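This report refers to the structure that appears directly beneath it.
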Amino acid sequence: MAVKEDLVSKLMEVLDLLKRLDGVDSAVLTYEGLPLKILNMDTSEAEALSAIISEELVRLSKYSHIGKVNYVVINRDGISLYARIVDPRTMLIVNCDYGLMGLINSVVDQVINNKVVKCSNCGFNLTLQPIKCPRCGKSIPLIARVCPFCKVSIDARECPNCGKLVTHEGTLVKKSYAPLALFGGIGAGTFIADLIIAYGLGLLERAASILILPGVISIALIGLGIYFYKTQYRMW
Ligand SMILES: [Zn+2]
Ligand SMILES: [Zn+2]
């Protein structure tokens, strides 16, 4: 019983993460073919789905698909469902974007095998945390190396506990100064060039206000450099 409760409580935590992700429509955790915890689904619907998927998996197991891969994608009424047989009695079914399935499966693997990703600075469990994609803003699992929606590669994300930047494996990210140097350099450089040109043309003596617009643009560029440095957002 203790083993079951341990596994089930871990999977309940996975459902709590799924609740906070974009692209997840509904989910159900089943035990011996019956719904144990449901996300965005009627009980009757969850019961029907649990029964149908269980049967489907029995049918599939005859063709020895299961055992080689630890999850299956089942198409039902034009919807793709992720179904993971955690143990012979416990199953997780998720109605989600196809591109999310591999990532959700990694989360399940890490959680049930006690191999969660931890922040190397503070030890916080990162596997069960969501982050916002720096490009498209969708809520995705923190452990995603590539955003499943916009495909941007994410080198650094903030640990929700200590705020340090970490990789998808939880190790600290060494900050790159490239974005700061690039944008800061262009910003400062153009302002100095404007200053020299304005001075050379004799405009500066007549109206120093001529520098307001280039000044604002330069400050914006430097600000952008600082932002990209802080977030370590990769543009290339
Ligand atoms: Zn994205
Ligand atoms: Zn941390």
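Remember, predicted model here, so these are calculated numbers, not experimental data. When reading the values below, keep in mind they use all heavy atoms of this one structure, side chains included, and skip hydrogens, waters and symmetry mates. Position 1 is the first residue of the sequence; numbering continues from there.
Annotation: salt bridge (Lys or Arg N to Asp or Glu O under 4.0 Å) contacts of Arg89 (sequence neighbours excluded): Glu32. Partners of Lys138 under the salt bridge (Lys or Arg N to Asp or Glu O under 4.0 Å) rule, at least two apart in sequence or in another chain, do not exist in this structure. Remark: Asn114 engages Lys10 in a side chain to side chain donor-acceptor pair (under 3.5 Å) (not counting sequence neighbours). Every residue was checked against the salt bridge (Lys or Arg N to Asp or Glu O under 4.0 Å) condition with Asp87, not counting sequence neighbours, and none meets it. Residues passing the side-chain contact (heavy atoms from CB on, under 4.5 Å) test with Asp97 are Leu100, Phe149, sequence neighbours excluded.
Residues Leu29 and Val8 come closest through the heavy atom pair CD2-O, 4.1 Å. Smallest separation of non-hydrogen atoms from Cys150 and Arg135: O-NH1, 3.5 Å. Across all non-hydrogen atoms, the minimal contact from Val111 to Val116 is CA-CG1, 4.1 Å. Taking each heavy atom of Val73 and Ser80 in turn, the nearest pair found is CG1-CB, 4.1 Å. Pairing each heavy atom of Leu17 with each of Thr127, the nearest pair is CD2-O, 3.7 Å. Arg157 and Ala144 get closest at one heavy-atom pair: NH2-O, 2.6 Å.
Between Asp22 atom CG and Cys136 atom SG the span is 8.0 Å, to the nearest 0.5 Å. A distance of 9.5 Å separates CG of Leu128 from CG of Leu18, quoted to the nearest 0.5 Å. Taking CD from Glu158 and CD from Gln129, the interatomic distance works out to 12.5 Å, rounded to the nearest 0.5 Å.
Ring geometry, Tyr71 versus Tyr82: the interplanar angle falls from 30° to 60°, so the pair is classed tilted.
The backbone N or O of Leu81 sits nowhere less than 3.5 Å from a side-chain atom of Asn95 that would complete a donor-acceptor pair. The backbone N or O of Met41 sits nowhere less than 3.5 Å from a side-chain atom of Ser26 that would complete a donor-acceptor pair. Using a distance-only test at 3.5 Å, with no hydrogens or angles considered, no donor-acceptor pair links the side chain of Thr90 to the main chain of Tyr31.
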Stepwise side chain to side chain contact (heavy atoms under 4.5 Å, CB included) test for Leu11 and Leu36: CA-CA 10 Å; Leu11 290 165; Leu36 206 60; over 6 Å; no

Pair Ile112-Val14, side chain to side chain contact (heavy atoms under 4.5 Å, CB included): steps then yes or no: CA-CA 10 Å; Ile112 65 173; Val14 173; over 6 Å; no

Val166/Asn121 under side chain to side chain contact (heavy atoms under 4.5 Å, CB included): CA gap, chis, key distance, verdict: CA-CA 9 Å; Val166 290; Asn121 185 54; 5.8 Å; no

Working for side chain to side chain contact (heavy atoms under 4.5 Å, CB included), residues Ser106 and Ile143: CA-CA 9 Å; Ser106 298; Ile143 60 158; 4.1 Å; yes

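Taking 4.5 Å as the limit, some side-chain heavy atom of Ser54 sits within range of a side-chain heavy atom of Met91. Asn105 is not listed as a side-chain neighbour of Met101, based on a closest heavy-atom distance of 4.5 Å or more. Between Arg84 and Asp109 there is a side-chain heavy-atom pair separated by less than 4.5 Å. Leu126 is listed as a side-chain neighbour of Cys159, based on a closest heavy-atom distance under 4.5 Å.
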Under 3.5 Å, side-chain donor or acceptor atoms of residues 207-226 against the rest of the protein: list the pairs with distances, not counting sequence neighbours.
{"from": "Ser218", "atom 1": "OG", "to": "Gly187", "atom 2": "O", "distance (Å)": "2.9"}
{"from": "Ser218", "atom 1": "OG", "to": "Pro214", "atom 2": "O", "distance (Å)": "2.9"}

